[in-house]
Novice: 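Could you have a look at this structure, given as structure tokens, before my questions?
Reckoned from all heavy atoms, side chains included, excluding hydrogens, waters and symmetry mates.
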Amino acid sequence: MGAKTGLLVYADGDVPGALRRVGAADLDRTVAMLRRLHPGRQIEEGEGSTLWDGVYPPEGMTYAASWPGVDVIGDQGVMIDAPSQLPEHLVAASAGRRLVLHAMHSVVDWLAFAVWEDGRLVRSLSLSPDSGIIENIGEPLPFELPYWAGDRPADVIPWPDEDEETYPLPFHPLELGEDALRALCGFVQEGRPEPDDVDADSIRLHGFHVRDSHGPDPAEREAQLRRAVDAMEPPHVYTIGPDGSLIEREGL
């Protein structure tokens with residue numbers, strides 16, 4: 001699986017139902033929503049994306065859209081180990097609404113999701129095979145039950161020449177993550193789409209650079225990186241000798 005998400009959705013009710021009804025998102029409305037969520041930060045318009053691709057934007061980018069009844073934000077900054085620690089001002093913005101956080105990273109098989117109702121956390125789960133269960137708050141939601149009951153065991157195929165080891169969790173986090181994404185937001189990143197899934201590829205999100213107004217200037221930060229790279233010594237390249245030792249190659 002190659003799915004990665006960093007997604008926040010605010011909705012007046014059912015998120016999938018709201019997303020099925022949206023049209024083009026108004027830019028001014030979206031900027032105003034981001035200014036409410038990130039007061040004091042610099043917001044600069046960039047290239048947009050779709051809900052399908054925009055759930056995991058490049059570092060430094062935020063994809064967002066605001067419609068009457070539902071707001072969507074894709075941002076790597078919400079990919080936090082403990083969803084209950086989502087910054088308080090982001091939770092406070094969900095007063096009178098539902099807030100959904102969904103985050104997963106396929107490289108480490110990590111999943112986190114959470115649901116708030118009117119600012120109150122009702123469910124949060126975060127887990128990975130390396131860290132185990134990081135956070136487990138509230139009662140499991142209906143789509144989770146087959147996993148906790150043992151009906152969806154992890155089916156992990158080892159690499160060639162590797163011994164098969166027992167997966168350290170009773171189920172695969174990314175499989176649960178896809179079911180969570182469908183149940184909470186109406187679509188999936190991997191797996192077979194269903195007829196009533198939200199058409200995430202048709203929903204356009206605006207793109208933004210959201211920066212701390214007191215943080216380093218991006219141009220200066222890039223210049224610092226270039227200076228650091230220029231100051232590095234030439235790379236050392238090694239080969240493995242007949243006896244297994246490392247031999248440095250010269251003249252590269």
Novice: What's the verdict on side chain to side chain donor-acceptor pair (under 3.5 Å) for Tyr147 and Asp179, showing C-alpha distance, side-chain angles and the deciding distance?
Specialist: CA-CA 10 Å; Tyr147 292 90; Asp179 282 346; 2.6 Å; yes
Novice: Flag the pair Phe187 / Trp52 as yes when their ring centroid distance falls below 6.0 Å, and as no otherwise.
Specialist: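 Centroid distance Phe187-Trp52: not below 6.0 Å, so no.
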Novice: Before we go on, tell me: are the rings of Phe113 and Phe143 under 6.0 Å apart, centre to centre?
Specialist: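 That pair passes the under 6.0 Å test.
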Novice: Please determine, by modelled atom types, if Arg29 and Ser66 share a side-chain donor-acceptor pair under 3.5 angstrom.
Specialist: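 Yes.
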Novice: What closest approach, in Å, do Asp118 and Ala95 show between heavy atoms, and which atom pair accounts for it?
Specialist: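 Scanning both residues completely, I find the closest heavy atoms to be OD1-C, 3.4 Å.
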Novice: Quickly, which of Pro173, Ser131, Pro83 forms a side-chain contact (heavy atoms from CB on, under 4.5 Å) with Ser126? Name it, please.
Specialist: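 Answer after filtering Pro173, Ser131, Pro83: Pro83.
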Novice: Do Arg35 and Arg41 come close enough that some side-chain heavy atom pair is under 4.5 Å?
Specialist: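 Sidechains of Arg41 and Arg35: no contact.
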Novice: Scan residues 137-149 for pairs that pass salt bridge (charged side-chain N to carboxylate O under 4.0 Å, His left out), counting only residues two or more places apart or in two chains.
Specialist: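 Qualifying pairs, neighbours excluded: Arg123-Glu144.
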Novice: Parallel, tilted or perpendicular, judged at 30° and 60°: which one describes the rings of His172 and Tyr167?
Specialist: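 Parallel: the ring planes of His172 and Tyr167 meet at under 30°.
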Novice: Applying side-chain contact (heavy atoms from CB on, under 4.5 Å) to Val108 and Ser128, what does each step give before you reach the verdict?
Specialist: CA-CA 7 Å; Val108 292; Ser128 74; 5.6 Å; no
Novice: Quick test of your reading: applying salt bridge (charged side-chain N to carboxylate O under 4.0 Å, His left out), list the pairs with at least one residue in residues 8-20, sequence neighbours left out, ordered by first then second residue.
Specialist: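 Those involving residues 8-20 are Asp12-Arg97.
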Novice: Which heavy atom of Ile80 sits nearest to which heavy atom of Gln85, and what is that distance?
Specialist: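 That would be CD1-C, 3.9 Å.
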